[in-house]
Structure formats: C-alpha cells, structure tokens
Amino acid sequence: MPLNSLYFCNFANIFWLYMAIRYKEYTGLNLPATEQEILAKWAEDQSFEKSISLRNGAPSFVFYEGPPSANGMPGIHHVIGRTLKDLVCRYKSMKGYQVKRKAGWDTHGLPVELGVEKMLGITKEDIGKNPSAGQAGISVEEYNAICRREVLKYKDKWDELTTKMGYWVNLSDPYITFENKYIETLWWCLKELYKKKLLYESVSIQPYSPAAGTGLSSHELNQPGTYKMVKDTSAVVMFKAVKDEKSKFLFDAAQSDELFFLAWTTTPWTLPSNLGLTVGANIDYVLVQTFNPYTHLPIHVVLAKALIHTYFKAEDENGDFERYSPPAKTLPWKILREFKGKDLETISYEQLLPFKANSAEAIREITPGADPFRIMLGDFVTTEDGTGIVHTAPAFGADDYKVGKKYNIGILTMVDREGKFIEGLGEFSNRYVKNYKDQEDYADVNVDIAVKLKKENRAFKIEKYEHNYPHCWRTDKPVLYYPLDAWFIKTTALKGRMVELNKTINWKPKSTGEGRFGNWLENMVDWNLSRSRYWGTPLPVWRTEDGSEEKCIGSIHELNEEIKKANEVLGGNVNENYLHNGILDLHKPYVDEVILVSNTGKPMKRIPDLVDVWFDSGAMPYAQWHFPFENVEIFAQNYPADFIAEGVDQTRGWFYTLHALGSLLKESVQEELQKAGIEVNDEKYPGLAFRTCVSNGLVLDKNGNKMSKRVGNVVDPFATIEQYGADATRWYLITNASPWDSLKFDLQGIKEVQRKFFGTLYNTYQFFALYANVDGFAFKEAYIPLDQRPEIDRWILSSLNSLKKRVTEYMDDYEPTHAGRAIEDFVDEHLSNWYVRLCRRRFWKGEYEHDKICAYQTLYECLETVLQLMAPVSPFFCDALFNNLNAVSGRNKAISIHHTLFPEPDAAIIDAALEERMQMAQDISSLILSLRKKVNIKVRQPLRKVLIPVQNKQMKDQIIKVEDLIKNEVNIKEIEYITEGNGFISKKIKPNFIALGKKLGAKMKPVSTAIASFTQEDIATIETEGVYTLHVNGEKIPLQLSEVEIQSEDVPGWMVANKGMLTVALDVTLTPELESEGNAREIVNRIQKIRKDNGYELTDRILVKLSENTALKPSITEYNTYICAEILADKLEWLPDITNGIDIEINDIPLKILVTKKV
RNA sequence: AGAUCCGUAGCUCAGCCUGGUUAGAGCACUACACUGAUAAUGUAGGGGUCACCAGUUCAAAUCUGGUCGGGUCUACCA
C-alpha cells in the first residue's frame, strides 16, 4: 500500500475519532426499536419532568385527565383518546406553556362491585352478612377491602400502556377517588350544596324488583337478556268525562250526557293507582260515536285521530247505527268532532276503580292539596300505539311521575314492595300483580281487573299483547317501576347558568356542544345522586330516627368533633372505636357505625346511601388537589381546565358532571379562594370547569363493528405498538379521520403510514446523513442568508414556513388531523419528491463549497422543522432524529425535541409567487413526462424543445424563473414561449360561471351554449377587442374578456397535453446529436448500475474497459469527459476484445464492458 | 322514541361552511418507466347514478326538507 494512502486512511479514522460523532445512519427503519431507545433515554434524562420544570414561571395551560377505571384492561380505543390528550399537551408545552398533567384513577362504582361479585361468586344479598356469627356471605368490611384491592388490578398494565404509547402524564402522584382526602373534598362539595338547599331527598321512580326486594340500576337493566318478549293482558279502558265548562264543547258535539276518554295500558294493575290522563298538545283527537263491543251500549269516545283505524274499520264509518244489534260483527262509527290535545287540558274525569284505599281523602292525605283525575299535556305522548291518551299512574312510571308532579295530581302506590296490592282495594286486596311467589294456582289479577271493567262498561278492548319488558337479571321476574327514596342535586335550579356557560365552551366538534350537550341541558332533570351499594363515597348525612332532624358533614375534622360530641351527650359506648384517632376510613361500614347527636340531643344515624360515582369524577377539579383543605394556590392556578378530551359517550357523563358542579359550586369556590387572599373575578372563575372540550368518536373494527370482547374483534394495543410502533399507530389514529368521527381501525392503515410517511422521512434523513457524513457538514458555517441561496432552496423554505403557519393554525384550532395531513403532504410531495429529487446532484457532486453548503443547510432546516412539527403527534422517532442531528451540529441545546419551542412561521420567508411558479414547474414537468410516456421516449433521451403557450407576461416571467429546473428534470434543451396572434395554437373558450352567473341569471344557459360554439376567430376577436357582443334570442349581450376563460388546447403537429390553464407541446424529433447524447447517458446509467452491483463505495474510483467493435463508439467518444466525470473514472479504455466483461445493450446496440475498482 | 354523527372509486378519506361545468388523493389492481434515497418514486389505465327522494337555483356532492342504512348516547313509554 502506498504511503500516502495509508496516511489518508489513518487520517480519516483519526479525523472521525476526533469529531467523535457522525450523523447516525440506520440499516433499516425499525420504529419499535427506536422507541425502546428513546423511552430509555427519556427515563434517564427525566425528559417529562424537565419538560414541565423548564416552563416554571411560564403561563400555565390546564389539562384535566378524565380518570379511567383500572379494573379492566386498556384497549386500542384508549390509545386514540390518550394520543389526542397527549398531543395537545405536548403542543402547548412546545408553545411555551407549563402543562401539568396529573393522572387519576376512578375507583368506585358498580362495574367494580359487579366484577368482585362475579369473582367471588356472590350476589348483592350476600353482602353485609356476619360470617363470624355463622351467616353465609361476606361482611361489608371484607367486601370493600376486596373492592379496594381489585379496582387497581390492571393498574400496572395501564401504566405500561401509558409509557409505551408515549403518553406523558404524571403517574407518580395520581389522584385516587377512594382516598380519604379525595372523599373529604367530595363531602365539602356536598355540604356546600346542602347549605344552599341544592341537596334534597325525594322519591324517584326506579326499576325495582319485588322478587329480589331491591332497586335496579340502569346498568343492571342493560345486562343482556333482561328485556324479554312477554304476552300481557292489555286493556283499552274508558274514563268517563265530567261535564262542566271545559268539557262542554265535547258534550255539545256528542249531544249526550256521557262520554269517555280511551286509554291503553299493558299493566292493568296500575289502574287503581291512576290519577290522570296525558295527551299530546299538538296531536289531533276526535270524538267518535259508536258502540261498546262488550256491552253493546251506544257510547261516545275520544281518541287520537291517527289511531282510529286500529279500532275501527274504514268501511264501517258512518255505518247504520239503527240496525246495530249484538252480536254484530261490524261496529258502526262516526266522527263527531276533531280538536287538538291542548283543547282537552285540565278536563276532569271520574275515577275508574274507586276503593277505600284510593279515595280522594286517601290521596289528599298523602299529597295535601292534590287535584287528581284531570287531563294533562305531556311531550312523551305518541300515536305509535294505544289511543294517544296515556293512563297516568305517577308511582309507576318516570314520565307519569314527572307530568303528574307538574299538574299536582298526587301519587298513589297501591302496590307494596313485595309486589302485591295493599289493603282497601276490595276484591283485589293482597293479590300479587305478577306471579312473584311462583304460586302454582296464581290467577292473573290483571285479567280480573279487565273482566270487572268489561262488566262495568269501562273496557273497550281487552287483548293479549306481546311486548318487550325488562326483567330482573337475578330473579328473572318482571321489573316494576316503583317510587323509591333518593337524594337529588337540584341541577335544574341552575339550568339557566349552565346553558349560558355552555355557550362559552369551545366544543370540538361544535355539534356535540350545541346538539347533544345543549339538548341535554335543555331537558335537564335533577341529578339522582344516591345508590344503594357498598363500595363508594358515602353520603355524609345523618338523621334522627323520626327524620325530624339531620346534619350534613363537610369535613373529617367536623365529623371527628361530632363523634366526640355525640359520645359526650349520649354517653355509654357510643362511637368508642372512633374517639381516639378519629375516623380512619370514610367508607362503609365504618361511617355507618358512627352515631351523631342532634341539636335536641337525639341520636342520628347515617343515611345508608352512597353517592353516584359520576359525582366522584365530576368533582375531580377540586378533589384532585384536596381543595379547599390544602393546595388552594395550586388549585387557583389549575382551575378551570383549558382543555379536556374524552369519548363522546362521556357527554352526559363526565362532561356533564364537571359542568354541573362547576356551575353549582361557583360561589363556594370563589369564597374559598377569596379567603385565601386570591384575586377572584368572573372572567377567571366563571363557574366553568373547562373551556375547550374535544369529544372523540368510537374506534370500530375494520368492518365498522363495535369492538367487543364477546365478538373477539378487539385490537390489542400492546401487540400493535410492539409490532408497528407507537409513532405509526398514533400518526395513523390522528391522520386517518378527525378524532370525533368514528374510526375504522385497520392494521393495514398503520402499515401504510409506516411505509409512506415514516419511510419517506427516514429515507430523506438517511440521504442527508449519508452525504453530510461524507462532506463533514456539521452546520458549523454561518447561516447563509436566503438571498444568497438558489431559487429551489428559497422555495422549499418558503413552503416550509407556509407549512409552519398552517400547522400552527390547525393545532390552535384543535384540528390535529389537518395538521398531520399537511405535514405528510409536505414531506412527501415537496421535500422528498421534489426538493431532494431535484437536488440530489448538489449533495454528491462537486466540492464542499457555497452551493453545497446551501443545500445542506436547507435540507437540515427542513428536517429539523418537520421533526418539531410532528413531535406532538408522534413523539419518538422525531426525537431520535432530532438528537442525531443535534449530536453533530449542536444547533439546539435542548436534550429532547419536546423541550424546544414550536417553530414560528416567518412571513418574510413566505413567497407566494415562488410557491406558485414551483407548482407550475411541477405541473409542466408532469405534463412533459406524460408526453414522453405517450411516445415512449425515456427521460434519459434528451429532446430539443417544448412549446408553452402563455396567457400573459406575468405567467411567462414566472415560468422563466423555473425554466432550468424544468429542463433538467425532463431532459429538454429549450423552452419556447408562444404568445398571441401567431395562429399557431388553437384555443378553447368556456364561460367564467361565477362571474357570468351573477350577471346573467336565467340567461346563463343559452349564453353558455353560444360560447361553446365559438370559432377560433371569435376567440381571437374577444382576446384582441376585450369584448364580444353576443346575440341571444334577439338580445344583445356584451361579453367581457374577464367573463370567459380561454386556454390553449392544441398545437397542430405537436404532441400536446393540458392541465388547467397550462398547456405543453413537445418536439419529439430525434436528431443524431440528441441520440448520441442519449446513448452517453445510457452508458452512464449502466455503469452506475454495475458499480452498485459490485458493491463499490460512493467515492471509489473505477477502471473501465470497453470492447471496440460497437456502433456506440462515436457517441461515447464524443461524451468521454462527461461520462468519466459521472462514473468516477479517469478514462475509458477501448480494447479489441474483453474476456470477463458484461454484455449490455443500448438502444439495441450491443456492447461489452468491464468495470473494476481502481486500487 | 329522542338527540347526534356518518353515508363520495373495491378500501381509507379530501371536497360541502362560502353552490359554478372533467368530483380529487392515497392504498389495492394492471402496464410501462426511473433510480448511488430503493421496503422509495414517476407516468398511464380501469374503477363514481357523490345513499335515496323532493325542493330552492340559470347551476346542487355542496343549500333546505324528507326517506333509508350504519354508529353512538339518552330514555324506556301507556
């Protein structure tokens, strides 16, 4: 080896050792592996913690984490929601805000309890027993201990997913809803509401299982198999109207002293409890004259017009009343009068089944001042089935209760909790309304009621009716809707405020807030807060046995004081277990053991109810900081949230409870803040819990079905991330569909993202690293001003700044999908397929000097910026590449891309004209390539000329500036511009519809036909004159040049292609000179391929031997210098014969060639 | 039942707010090219009654009303 070669070799090694680092080059794109490295780095550098501490003192951006329940495994749908949360937080952090993200766990509630019951194989009845006293079952203490343990069963899995998917949230200090401090804040909230009289007890109509003796939650009612088709006795019964001023118009029309309202029921057992009838205000009703089909007495009845034909045959209308005689098959009928439901309001009727127990006195005893047996208006009435008049028994239907309350008709509960009629109902007393006791000789009381009504001329139609009815999932017996005591929050009291504040919330998408949420608010009812379960936040209300006195407790301290007081007053062993250390666990059964004392010295026991878990999560803004007991300052800075995001299914869940509590507690919160000396105003603390809310849609499987374990179409997020990487998964989830559209999840889509976007980005980076390493580019030279860079650099930088602008706008508008798509477009269309493609030579050709440095600086900046722009969405790969770039250049001091500031667009760099002409260059090139394709002339074969017709000077100037790019790209020698007047090109004209449409209106059609038949001369006329007078239907219509669009269509004798306003004509003549040059290019191409096949390094020089006997020799000789320069050879050696060479063919001419490495 | 979102190529989606005359991308398929970025790229091709019906308009994928289908939430009803 020659001395100098050795020297160079060593020098190179030493050189690189000295530099210590080159841009890292990869052997292949492996996203999961890169992510592992980055995760390790983040952990080591504490990148997340630093991303927050770096922003100390900066304005805060407040994010609330909706607490997931960790008693189920996380699924892929959790990944999309969390990606959305994460990207917003990362973005805001990069925009300079401090974004604290406290994690949280939802730990109470029915799903937890049901899971535990299932695991233990027990039912609700087994809980609360005393096994040590020999009872079968489990104590509340033990049960709750198991719930506490089980609820965080999958916490590790959740934490793992959080980490692996790159969700930055503070897992080390989460809020947990079962902790005493958390519950204490909930108690504070409840007491505040209590003090304001917003917390009250009342009855509500709930599903109730008499067989099991317990109320059922809606969750239980939604268990599979609870709704069953059953056949029940249904009855259309006749309520007799009372004649008075209000009903006079009906009696007048009937010309009778007796008329009836028809009402339908599938539960005749509710009839003794009937107190009203409900009609729809705008439903049409009719008064019909007919006969009772059972008693055959002539009658007058009222029912909805739309339902006439379910009871009467059309052909019997106005039938012969005189000749009706039983047992007649036909029932003649006649409409006497038609009216609206609202005309019936408050008309009275006689009680249908009067007994002692449901007498007027009994009713007023229960509800003093009640005014029953009247017709009411309700919006729930339909004409789907029945009669359009709804029998209303407030005790046994939620709608009935609501409308009954409005009209103050009282309430009758003629059925006890065992499901049987109470005393005082005559022959029906003590009979079960359904066969709840499995009696063999059970006689259906509903049938007996129907029979009685038939006999009394009070039944119009009795039949078996098959319908879907809910059953208790435990006993399989039909459920009753039954009035049960419950605690409510009077949300309706602040409805106005909630509606108003909702208008200030930025909802994404808007429709969720205006439609789904707004509607929900409009139809708000009071919040039923109580649950009769075991594992949850206890309602902190104690009450004396007679119910005359009660206390609501608002803190642990207060409770402990009351505990002591009760012991002192009541004496004995009252609360003896809680005197020393106070209460240590606020859950059942401990709170229930505590006895308090009333102001008059009576003992008080706790109401056994728990609080709806939605209260837990809705109070999370306060409870997560243990407000107001601690952290008042922190709370003040973190309330309300700037941003929350959850699935759209939370609209009436978390979103609602957050919003409701925000409104309800506004004054309480402001007071506490003021007490702590914090400045309070309505702008800062408007009683709003969140300012922006993004609701994301569902994740469906690729066929559009809901993912469910049962169907087995769930996607395992861990496997997905492991195989394709979190980056590609996140990018796919975000860019494929807007977050609020439901997403059809398809792994093929992730593969596509991986290949198309990350693959392209990776290639671009690899390309840069490859050559930058060769040239030792480390961005050490001064930043070259734009005006000293070539046009194409200025273009890509302009385009880059336009991109920054768009991405920023989209991100600020919570439209990450559009932001992501814009980035994709840029990387693919602009950076990779135009800039890099056109500039390749600049990187590997020539010396390391001005133009090359420009190219490196430009590409570096593009890469760096794109990585920053995509960082919020896909945080791993960009951080890796960013670090690789920085390791060499040291341009940015941040140790992670997530600590940098989001790129700010520079308007001065954006050059719209430049971007426009580059688009033209791309389009023109594309057109020329398509023409080449058509005549089958490959790009390596140079062509002489293209013609481009130009509309005006400005267009010509634009194209001239990119002329060289086009010529290079499509291998054309010359571009010739043709302008007006030479008659060389033929043109096409069409109306400018927008301009003309406004002016012409209805005359548009004939005018556009006229324009379509313009000749070339006509077009020339309007072009030169600027105006053309059309004659349409004898009317003169002047046509301005600006009202039409003219474009070149054809150049006779040339190959032509169009796109929009652009037209290109290609000269496809091949001269011997052009062919010769084409041959030379072919040779270069073949030899480059051989170099590559032989595995030579980029910089290796080669020796080339060619066989002399070829027709190609003149071409090759002519372009000898060019060829040698391209292939890195000193010279081309011609030999008569080559033994080891490779046979190739160029344009059908054979050639033998031998390439070896020069040593 | 009510509310809401969605329905555009075989698949995933733009375009719709602000109506304008060849309805676009990508994937997949076919063919041909190109390539010292190569799991890339270009060009060409097939593939659409823009779910349906009605209305407004000179003009509707776009605006209005309705219908149908799918998803979700809420409610559960005589």
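Just so we're on the same page: letters track the sequence lines, and every chain starts at 1. The figures here come from the full heavy-atom set of this structure, side chains too, leaving out hydrogens, waters and symmetry mates. As the structure is a computational prediction, the values presented were derived from the model and not from experiment.
Comparing the same atom, P, in B/rC16 and in B/rU21 gives a spacing of 13 Å after rounding to whole Å. Atom P of B/rA59 sits at a distance of 14 Å from the matching atom of B/rG20, rounded to the whole Å. B/rG65 sits 29 Å from B/rG24 when the C1' atoms are compared, rounded to a whole Å. Between B/rU49 and B/rC53, the distance separating the two P atoms is 12 Å to the nearest Å. For the P atoms, the distance linking B/rA51 with B/rU8 amounts to 6 Å, nearest Å. Between B/rC27 and B/rG66, the distance separating the two C1' atoms is 36 Å to the nearest Å. Spacing between B/rC29 and B/rG55 at atom P, rounded to whole Å, works out to 45 Å. Nucleotides B/rA75 and B/rA3 place their P atoms 16 Å apart, quoted to the nearest Å.
Residue A/R821 has its side chain nearest to B/rC13 when only B/rC13, B/rU41, B/rA37 are considered. Listed nucleotides B/rG26, B/rA40, B/rC34 differ in distance to A/K756; the shortest reach to its side chain belongs to B/rG26. Listed nucleotides: B/rC76, B/rG26, B/rC13. Nearest to the side chain of A/N736: B/rC13.
Residue-level contact check: A/N1085 touches the backbone only, with heavy atoms under 4.0 Å from sugar-phosphate atoms and none from bases. No contact: A/S234 has no heavy atom under 4.0 Å from any strand. Contact annotation for A/V836: base contact, defined as any heavy-atom pair under 4.0 Å involving a base atom. Looking at heavy-atom distances under 4.0 Å, A/Y656 makes no contact with the nucleic acid at all.
Considering only residues two or more places apart in sequence or on other chains, A/R940 meets the side chain to side chain contact (heavy atoms under 4.5 Å, CB included) condition with A/K938, A/R1081, A/E1082, A/N1085.
For the pair A/K751 NZ and B/rC11 P, the interatomic distance rounds to 19 Å; values are reported in whole Å. The CD atom of A/E969 sits 14 Å away from the P atom of B/rC34 (whole-angstrom rounding). A/E824 has its CD atom 9 Å from the C1' atom of B/rG26, to the nearest Å. A/N528 places its CG atom 15 Å from the C1' atom of B/rU74, with the value rounded to the nearest Å. Distance CG (A/L480) to C1' (B/rC77): 15 Å, rounded to an integer number of Å. Atom CD of A/Q754 is separated from atom P of B/rA40 by 12 Å (rounded to the nearest Å). As rounded to whole Å, 12 Å separates atom P of B/rC76 from atom CG of A/D400. Put simply, CD1 on A/I823 is 18 Å from C1' on B/rA25, counting in whole angstrom units.
In terms of modelled atom types and a separation under 3.5 Å, the side chain of A/Y285 and the main chain of A/G280 share a donor-acceptor contact. Remark: side-chain polar atoms of A/T265 are not paired, donor with acceptor, to backbone N or O of A/A235 under 3.5 angstrom. Using modelled atom types, no side-chain atom of A/N736 and backbone atom of A/Y732 make a donor-acceptor pair closer than 3.5 Å. Listed for the A/E646 side chain is no donor-acceptor partner under 3.5 Å among the backbone atoms of A/W654. Between the side chain of A/N446 and the main chain of A/T267, no donor-acceptor pair closer than 3.5 Å is present. Without hydrogens or angle criteria, A/Y23 side chain to A/Y771 main chain gives no donor-acceptor distance under 3.5 Å.
With values rounded to the nearest 0.5 angstrom, A/L344 atom CG is found 13.0 Å from A/Y349 atom OH.
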Give each protein N/O atom lying under 3.5 Å from an N/O atom of nucleotides 5-10 of chain B, with the pair distance.
none

All N/O pairs under 3.5 Å across the protein-nucleotides 42-46 of chain B interface:
residue: B/rU43; atom: OP1; partner: A/S926; partner atom: OG; Å: 3.4

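Phosphate proximity of B/rC77 to A/Y481: present, with a side-chain N or O under 4.0 Å from OP1 or OP2. Taking side-chain N and O atoms only, A/R840 has no distance below 4.0 Å to OP1 or OP2 of B/rC34.
In terms of heavy-atom proximity, A/T270 sits nearest to A/A393 at O-CB, 3.8 Å.
Every pair passing side chain to side chain donor-acceptor pair (under 3.5 Å) that includes a residue from residues 823-834 of chain A is listed here, sequence neighbours excluded: A/W731-A/E824, A/K756-A/D828, A/S799-A/H830, A/D828-A/N833.
With 3.5 Å as the limit, one finds a donor-acceptor pair spanning the side chains of A/T278 and A/T392. For the 3.5 Å distance criterion, the side chains of A/S234 and A/K464 fail to qualify, holding no donor opposite an acceptor.
The aromatic rings of A/Y482 and A/F396 sit tilted relative to each other, their planes meeting at an angle between 30° and 60°. Relative orientation of the A/F768 and A/Y860 rings is perpendicular, given thresholds of 30° and 60° on the angle between their planes.
The six-membered or imidazole ring of A/Y856 lies near that of A/F843, with a centre-to-centre distance under 6.0 Å.
Looking at heavy atoms from C-beta onward, A/N763 lies out of side-chain contact with A/F758 at the 4.5 angstrom threshold.
A residue-by-residue look at A/H818 and A/R755 shows that A/H818 has its nearest nucleotide of RNA chain B further toward the 5' end.
If you check residues 757-769 of chain A against RNA chain B, the residues with a heavy atom closer than 4.0 Å are A/N763, A/T764, A/F767, listed by number.
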Encoded 5' to 3' (Watson-Crick or G-U under 3.5 Å; [ ] crossing; | other strand), RNA chain B becomes (((((((..((((......[...)))).(((((.......))))).....(((((..]....))))))))))))....
